[in-house]
Student: 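Before we start, here is the structure in question, set down as structure tokens.
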There are 2 protein chains.
Amino acid sequence: MPLDRSIIAHLALFHGLEPQALDIILKDARSVLFAKESIVFEQEADARSFYVLLSGHIRVVRTTPDGRQIIARYISEGEIFGVAAALGRLTYPATAVAAVDCVVLVWPSSVWPDLSSRFPALSAGTFKTVGNRLQETQARVLELATEQVEQRVASAILRLINQTGRKTEAGIEIDFPISRQDIAEMTGTTLHTVSRLLSAWEEKGIIVSGRQRVTVADPHRLVLLAEHRGDR
Amino acid sequence: MPLDRSIIAHLALFHGLEPQALDIILKDARSVLFAKESIVFEQEADARSFYVLLSGHIRVVRTTPDGRQIIARYISEGEIFGVAAALGRLTYPATAVAAVDCVVLVWPSSVWPDLSSRFPALSAGTFKTVGNRLQETQARVLELATEQVEQRVASAILRLINQTGRKTEAGIEIDFPISRQDIAEMTGTTLHTVSRLLSAWEEKGIIVSGRQRVTVADPHRLVLLAEHRGDR
DNA sequence: GTCCTTCTTTGCGCAATCGCAAAGATTGCT
DNA sequence: AGCAATCTTTGCGATTGCGCAAAGAAGGAC
């Protein structure tokens, strides 16, 4: 069954493309459901496909040879990901895992040269995404190199609620299950330190949190924590 | 005076382009000399141009609002840089400074859409470079998040000698002046810690170093240091 | 409802690395 | 050659955040 263009027409990535272009693009795609915690693609595997996330949240993880890992980023609805092949890479540089049940569109990488040359808007949109990601990754290097753990954890949580926040009575909640360990792997620290920080913040009324759940009650004070360095 | 295509024909970036394509591309370029420590473009400035480095070394620096900074990367001969506009950004995300006297080709960003659509090989080469840089930056995040200072400094120096190493009687030398402070800003530590590490390595005969100069005498042992974590 | 697994909290000691300070070396300038 | 500026070395105390351990929740499965 062919996919209907309405499922992607509203996404920023496909902005500026004609309806019939969307139909052509969709001819090569198929829709796949990934259950929570299942693997979409694995680090070092051949970059055979690229993807657009229709619903859910995807965790992108990089692992070192000796088994330590970090979370490179979370993919939100509407984003393209797994574009390694379009950037001239043969393998994926990271593993993508469904953080919740996800619906994903999948294209074979082999169709990229054709699609990107036929639809420059698609190509431009993709490279804008890549540019944003490079920028963001470099900002993270700066943060890791210059900021203390408390600032980094505060920034990471703020980024998550901006990206995927959902309003509740208690405040703005991160929209998918996230453990202390996950937050530690986003910020280059340990789950122990994250736990201590969250406990302290909860005591001060800045956040409310539970098992795999974080709700920010007072974003403004969290912003202060993210900026304000202990001393200088 | 028109630039001769021979100055760029051998660069990987222009691989697969016809001689006449090179001539067309060069019509929009001009060649500029940047004296040591002069600024090529500044962070936050409008991304009006993009560049190819013909000779020399360029230091790319990102600065935080509160004035701390890191070295994002060094650009080597033949590389394209300052491509913010091609990635859909309006301003440069970092400052580029000539580490030594440099010769640079400059294009107005406005010609990019035309050039990239007329010469897909140019576009592909650029995006491959960007892909490599993204990959490299993410590797750096992983390193900052999981490794100790000694490993990070060892890795940074190994990367520099691979990228720009020059053989001398004493070993392989980094081909441009680099201070302890610079190395600290590449690895997220302080010049004091870098100085201590280099002193210790020099004592062990792994490196020879002087003012703004580092020569690796025993690359193999440095690799061990970069991999081997103190305990586990 | 009960058990089991996974996640979270918290205490405590220690190691890594920073911050500050001051002295020593090197280079370039005049 | 002499001076000034910059870069480098090194000591020492102060902290941050880690590592380890063990107990306490919170869900999920049957």
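Lettering follows sequence order; numbering is per chain, from 1. Remember, predicted model here, so these are calculated numbers, not experimental data.
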Student: CD of B:E147 versus P of D:dC18: gap in Å, rounded?
Tutor: 15 Å
Student: Rounded to the nearest Å, what distance is computed from the NE2 atom of residue A:H192 to the P atom of nucleotide C:dA15?
Tutor: 17 Å
Student: Write down the atom of B:Q43, the atom of B:T95, and the distance for their closest heavy-atom approach.
Tutor: N-OG1, 2.9 Å
Student: Is any side-chain N or O of A:R196 under 3.5 Å from a base N or O of D:dG19, one able to act as donor and the other as acceptor?
Tutor: yes
Student: Expressed as a whole number of angstroms, how long is the span from B:Q212:CD to D:dT6:P?
Tutor: 12 Å
Student: Identify, between A:T190 and B:S179, the residue whose nearest nucleotide on DNA chain D lies closer to the 5' end.
Tutor: B:S179
Student: Can you tell me how far C1' of D:dT9 sits from CD of B:E203, to the nearest Å?
Tutor: 12 Å
Student: What's A:R211 touching, base or sugar-phosphate or nothing? Going by heavy atoms closer than 4.0 Å.
Tutor: base
Student: Answer yes or no: does a side-chain N or O of A:T193 lie under 4.0 Å from OP1 or OP2 of D:dC18?
Tutor: yes
Student: Given atom CZ of A:R68 and atom P of D:dG19, what is their separation to the nearest angstrom?
Tutor: 9 Å
Student: Contact class for B:S195 (heavy atom, under 4.0 Å): base, sugar-phosphate, or nothing?
Tutor: base
Student: If the cut-off is 4.0 Å, is A:S199 near the phosphate of C:dT8, judged by side-chain N/O to OP1 or OP2?
Tutor: no
Student: Whether A:Q148 contacts D:dG17 is assessed here as follows: a side-chain N or O lying under 4.0 Å from the phosphate OP1 or OP2. Is that the case?
Tutor: yes
Student: In whole angstrom, give the distance that lies between atom CD of A:Q181 and atom P of C:dT5.
Tutor: 20 Å
Student: May I have the distance from A:I178 (atom CD1) to D:dA26 (atom P), rounded to whole angstrom?
Tutor: 19 Å
Student: Would you call the rings of B:F127 and A:F127 parallel, tilted or perpendicular, where under 30° means parallel and over 60° means perpendicular?
Tutor: parallel
Student: Using the side chain to side chain contact (heavy atoms under 4.5 Å, CB included) definition, which of the options A:L160, A:T164, A:D175, A:V60 pairs with A:Y74?
Tutor: A:L160
Student: Would the distance check show the side chain of A:D4 and the main-chain N or O of A:S6 forming a donor-acceptor pair, the cut-off being under 3.5 Å?
Tutor: yes
Student: Could you tell me whether the side chain of A:R180 and the main chain of A:T190 form a donor-acceptor pair under 3.5 Å?
Tutor: no
Student: If I take atom CG in residue A:L197 and atom P in nucleotide C:dT9, what distance separates them, rounded to the nearest angstrom?
Tutor: 11 Å
